[in-house]
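Working notes for the structure below.
Reminder, nothing fancy here: chain letters follow the sequence lines and each chain counts from 1. What you are looking at is a predicted structure, and each value in this text was computed from that prediction instead of being measured.
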2 protein chains.
Amino acid sequence: MFRLNKLTDYGIVLMTSIAQHPELQNARDLSAASQLPLPTVSKLLKALSHVGLLVSHRGSKGGYSLSRRPNQISVAEIIDALEGPIGFTECSVAAGSCDLEPSCVVRRNSKVISLALLGALENLTLGDLMQPMELAGLKPRSNIVSSINLISGGVQ
Amino acid sequence: MFRLNKLTDYGIVLMTSIAQHPELQNARDLSAASQLPLPTVSKLLKALSHVGLLVSHRGSKGGYSLSRRPNQISVAEIIDALEGPIGFTECSVAAGSCDLEPSCVVRRNSKVISLALLGALENLTLGDLMQPMELAGLKPRSNIVSSINLISGGVQ
DNA sequence: TAGATACCGTACCAATTTAGTTCTGTATAT
DNA sequence: ATATACAGAACTAAATTGGTACGGTATCTA
Ligand code: FES
Ligand code: FES
């Protein structure tokens with residue numbers, strides 16, 4: 001399936017949850033709030049603070065908080081932290097990973113699609129996830145092959 | 001990694017290859033052309049014809065051909081055939097697959113993102129993959145959260 | 001300063017998925 | 001008739017995923 005792993009999804013849930021409650025929160029609280037098992041929550045928070053998206057505070061009264069403001073943290077970063085580089089296909093991300101690279105008919109275009117996907121997810125932030133988003137009508141295709149548009153803040 | 005499986009990528013390669021050579025092609029020829037092992041090619045072609053994207057002809061002089069014109073076959077269909085439904089997260093595609101659905105803070109937005117992703121891949125066709133694509137500049141974000149634009153036929 | 005709290009790091013495990021193979025059967029062209 | 005080539009299912013090994021366990025360290029509080 002062309003989808004995020006469950007753990008990555010959980011990571012996004014946790015990040016959003018932290019964003020919505022700016023005060024310091026520990027793993028146990030987040031586990032309770034999210035309904036996820038504590039060891040799993042703990043593992044995810046560790047990974048997220050390891051790459052600098054969260055700041056951890058040890059000891060009694062410790063916990064985690066965002067390292068930046070929600071609209072400065074992209075979904076792309078979260079995904080990258082929890083399941084590695086974003087891309088359409090492996091070949092288009094990890095050069096040299098594929099034997100048929102030299103002769104492959106779609107390699108170049110896969111790269112373009114990867115960049116588009118990455119760009120979209122870099123533009124999407126925790127700040128957006130915190131509020132209801134809406135889907136803008138997809139433009140009719142002309143020579144525009146593909147277009148994704150998401151609008152946040154549903155006055156539309 | 002947020003990526004297609006290798007086999008799906010191979011499937012896209014094969015479909016593109018078939019699109020570029022309209023005459024009937026058998027599994028062996030396609031294997032040779034793509035540099036992929038015959039059993040793998042065979043398995044992929046079976047799956048693709050099983051969902052009606054390819055038409056198969058048995059017996060001597062048999063082979064496969066596209067069931068529709070290249071620009072009538074979307075990349076979304078190919079992906080769906082080879083690795084199941086497209087979506088951002090599992091929760092946003094398979095209702096009831098997640099225990100935390102009732103309380104999940106991102107579920108609704110995940111659904112929106114899934115629809116956007118699906119829409120983009122439905123708009124992208126084999127016809128587009130056959131020629132060099134280009135990436136249009138991403139619009140600066142205003143209240144447009146995310147935008148993917150791919151332009152094909154690189155006069156731009 | 002003792003003790004409780006809570007993160008850190010790593011290693012581990014079971015279950016699933018992925019990638020790839022094998023083999024028997026059936027339809028078709030020559 | 002026969003060789004060709006797809007159909008379909010079963011099977012395997014390796015990699016990944018989801019989830020757990022545990023000894024160690026920093027920090028707050030009493
Ligand atoms: S399939 Fe690997 S480069 Fe195209
Ligand atoms: S994580 Fe499953 S519904 Fe949000």
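B:K46 comes within contact range of at least one nucleobase, with a heavy-atom separation under 4.0 Å.
How far CE of A:M15 is from CG of A:L66: 5.0 Å, rounded to the nearest 0.5 Å.
If you check D:dT4, C:dA19, D:dT20 against the side chain of B:S60, the one that comes closest is D:dT4. Listed nucleotides D:dT20, D:dG8, C:dG20 differ in distance to A:P37; the shortest reach to its side chain belongs to D:dT20. Among the nucleotides D:dC6, D:dT4, D:dG19, the one closest to the side chain of A:Y10 is D:dG19.
The separation between B:L38 atom CG and D:dA7 atom P is 13 Å, rounded to whole Å. Atom pair A:L82:CG and D:dT17:P shows a separation of 12 Å (rounding to whole Å applied). Atom NZ in B:K6 sits roughly 11 Å away from atom C1' in D:dA15 (whole-Å rounding). Rounded to an integer number of Å, the gap from CG of A:N26 to C1' of D:dT27 is 14 Å. D:dT16 atom C1' lies 16 Å from atom CZ of A:R3, rounded to whole Å. Rounded to whole angstrom, the span from the CZ atom of A:R58 across to the C1' atom of D:dG23 amounts to 13 Å. Atom-to-atom, CD of A:Q25 to C1' of C:dA6 comes out at 14 Å; the value is rounded to the nearest Å. Per the geometry, NZ belonging to B:K43 stands 15 Å off P belonging to D:dA7, to the nearest Å.
The two residues B:A47 and B:L82 come nearest to each other via the heavy atoms CB-CD2, 3.8 Å.
Side-chain atoms of B:R108 do not come within 3.5 Å of backbone N or O of A:P132 as any donor-acceptor pair.
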